[in-house]
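One structure is given below, encoded as C-alpha cells.
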Amino acid sequence: MRSTLMGMLLVMGMILAACGGAAPAPPAAQPEAPVGGAVGVTTTDLTGISSDITDPPAVFNAEAARQYSGTTLSFYGDAVGLGSDMDKAMAAKFSEETGINVTVLPRPQDATEFYAQIQRFFQAQSTETDVFMMDVIWPGAFATHLYDVSSIFADEAKLHYPGIVENNTVDGKLTALPWFGDFGMLFYRTDLLQEYGYDAPPTTWDELEEIAQKVQEGERAKGNPNFVGFVWQGAAYEGLTCNLLEWFYSQEGGTFLQDGAVTINNPQAVAALERAAGWVGGISPSGVVSYREEDARNVFQGGNAMFMRNWPYAYSAGNTDDSPIKGKFDVAPLPVTDSGSPAGTVGGWQLAISDYSRNKDAAVEFVRYATSPQMQKWRALVGTFVPTIPVVSEDPEVLEAMPFLQNLSPVVRVTRPSRETGELYNEASTIIFQSANEALLGSTSAADALAQAEQQLQRLVR
Ligand code: GLC
C-alpha cells in the first residue's frame with residue numbers, strides 16, 4: 001500500500017511540475033481516478049497484459065477501426081532502447097486486427113534534429129506523415145499544425161494526469177494524447193559499488209566524483225582502459241538542456257528563466273557548469289561532449305561505466321537477457337550539493353495527428369489504441385516507459401517492473417521553460433545548450449558561456 005502511494009506521489013509530482021516550474025512530490029494522494037468507463041476500459045482490462053515484447057495488447061477498438069481498413073498510416077515512432085521494436089510490434093498488431101496498415105518510421109534519436117525535421121514537414125504542409133511522437137516541450141511550437149482532438153478524445157483525456165493534458169492544451173486546443181512520461185535519473189552499478197566498498201549510491205556530486213574516480217582507476221588497473229566513471233548527455237542538443245537543468249537545480253542554480261526573467265547567469269549555475277566541464281576527460285570520456293542518450297547507454301550497458309544519467313527507457317534495455325549488466329545496476333536520484341534538492345528533468349512524449357494528414361479518422365483509432373491504459377501497461381512492463389494514466393502507474397505489476405516509481409519519490413521534477421517561452425522554446429533551448437556545450441568543450445569559460453546565454457535569452461524573450 002505504502003509503495004503504491006509512493007509511486008502515485010512520484011508520478012503526481014512529475015505531472016504537477018509539468019504545469020510550470022518545479023514542484024516537490026505533493027503530500028497527499030489524488031482521489032481514485034475512474035478507469036474510464038466512457039472508453040470501455042475497466043480494471044479487469046488491465047489484468048492479463050503480457051510482458052512479452054512480441055505480444056502487445058488486443059486492439060479493443062478494432063471494430064470501429066475496421067471501417068478504415070485498407071488505409072495506410074505513417075507513424076513517426078521511437079528509435080531508442082526497446083521502443084523501436086515495441087512500436088513495430090504494436091503497429092503490426094493494429095494492422096492485423098483492423099486492416100489499417102501502419103508504416104513505422106523511426107524518429108531521429110536526437111530530439112533537436114527530430115524537431116527540425118517535423119518543422120520542415122509542417123512548413124511544407126506535408127501529407128506524408130499522419131501520426132507523430134511529440135515531445136512534452138513542443139505543443140506550444142506546433143499547435144497550429146496539429147489536429148484538434150479536444151472533442152474527439154474528450155473521454156480519453158480524462159484518463160490521464162491532468163497536468164500533462166494541460167501541457168498538451170494550447171489556447172483550448174488539445175494537440176495530442178500523452179503516451180509516456182520521462183524523468184532524469186542516476187543509473188549505477190550495484191556490483192562495482194559493493195566491490196569498491198561503498199554501501200549506498202552517492203547523494204552528493206562530490207561523492208559521485210569520488211566514487212567515479214576510484215572505480216575508474218580500479219577498473220582501468222584491472223585491464224579495461226575504456227572504463228569511465230560517469231556518462232551523460234553533453235552534445236549540443238535538447239538532452240544537454242535537460243542535464244544542465246538538473247545540475248543547476250540540484251546546486252541551487254535555478255531553472256534558466258523564472259517568472260519571465262532570465263536567471264541563467266548566477267554564481268551557483270556557473271559553479272555547476274564548471275564542475276561538469278571538469279568531468280570531461282576526467283571521470284567522463286572526452287567524447288561525452290557529443291553524447292546523446294544512446295551513446296551514454298551503449299557505454300554503460302556495455303559494462304564500461306560506473307554511473308550514467310539517463311531516462312527510464314534505459315532500465316528495461318539494460319535488463320534484457322543479452323545485456324552484460326543485467327541485474328547489476330540500479331537507479332537513484334541524481335545527486336545534489338549539500339543544500340540543493342535532487343532534481344530530475346521532466347520529459348515525455350505524446351501522440352499527435354498532423355492537421356495535414358489525409359487519414360485523420362484512421363489515425364484517431366490508432367492513437368486511441370496506442371495511448372490506451374492497456375497499451376501503457378504493456379509499455380511499462382516491457383519497456384519501463386512511465387505511464388501517464390494514474391490507474392496504470394498504481395498497478396502492482398507495473399510497480400514491480402518499475403521499482404524506481406516508488407524509490408525516487410523525493411525527487412523534484414523540474415520542467416524546462418517551454419510553457420513560458422511557447423513557440424520560442426526551441427530557440428531558447430538552443431541558446432542554452434550551445435553555450436553550455438562550448439564551456440564543456442573548454443572553448444570558453446563557464447562564466448562567459450552563461451553571460452553569453454543570458455544576453456541572448458534576454459534578447460529573445462523580451
Ligand atoms: C527524452 C525526453 C524528452 C527530451 C529528450 C531530450 O526523450 O522524454 O522530453 O526532450 O529526451 O533528449
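Read the numbers this way: they start at 1 and go in the same order the structure lists the ligands and their atoms.
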Query raised in the report: Of the choices Asn310, Asp182, Thr241, which has the non-hydrogen atom that lies closest to atom 2 (C) of ligand 1?
Result: Asp182

Report task. List every atom of ligand 1 that sits less than 4.0 Å from any heavy atom of Gly347, numbering the atoms from 1 in the order shown and giving each element. Result -> 2 (C), 8 (O), 9 (O)

Report task. Could you establish whether Gln233 and ligand 1 come within less than 4.0 Å of each other, counting only heavy atoms on the residue side? Result -> no

Query raised in the report: Counting heavy atoms only, which of Glu293, Glu238, Gln109 is nearest atom 12 (O) of ligand 1?
Result: Glu293

Query raised in the report: Do Arg379 and Trp179 meet the cation-pi criteria used here (NZ or CZ under 6.0 Å from the six-membered ring centre, within 45° of the axis)?
Result: yes

Requested in this report: Report yes or no: is the cationic atom of Arg189 (NZ for Lys, CZ for Arg) closer than 6.0 Å to the six-membered ring centre of Phe329, at no more than 45° off its axis?
Outcome: no

Query raised in the report: Taking atom 10 (O) of ligand 1 as the point of reference, which of Leu240, Val346, Asp135 owns the nearest heavy atom?
Result: Asp135

Query - Nitrogen or oxygen atoms of Trp311 and ligand 1 under 3.5 Å apart - result: yes

Query - Heavy-atom donor-acceptor pair, Asn266 side chain to Thr263 backbone, under 3.5 Å - result: yes

Requested in this report: Assign the ring pair Tyr315 / Phe187 to parallel, tilted or perpendicular, where the plane angle (0 to 90°) is split at 30° and 60°.
Outcome: tilted

**Report entry** Pi-cation contact, Tyr237 with Arg292 (under 6.0 Å, within 45°)
**Finding:** yes

Query raised in the report: Between the side chains of Tyr76 and Glu128, does any donor sit under 3.5 Å from an acceptor?
Result: no

Query - Nitrogen or oxygen atoms of Arg107 and ligand 1 under 3.5 Å apart - result: no

Report task. Could you list which atoms of ligand 1 come closer than 4.0 Å to a heavy atom of Gly239? Result -> 6 (C), 12 (O)

Query raised in the report: Does Gly348, backbone or side chain, put an N or O under 3.5 Å from an N or O of ligand 1?
Result: yes

**Report entry** Location of contacts on Met133 toward ligand 1, heavy atoms closer than 4.0 Å
**Finding:** neither

Report task. Identify the protein heavy atom lying closest to atom 7 (O) of ligand 1, giving its residue, its atom name and the separation to 0.1 Å. Result -> Trp349 NE1, 2.9 Å

Requested in this report: Return the minimal non-hydrogen interatomic distance between Pro390 and His160, and the atom names on each side.
Outcome: CD-C, 4.2 Å

Query raised in the report: Would Ser250 and Trp205 count as having a side-chain donor-acceptor pair, cut-off 3.5 Å?
Result: yes

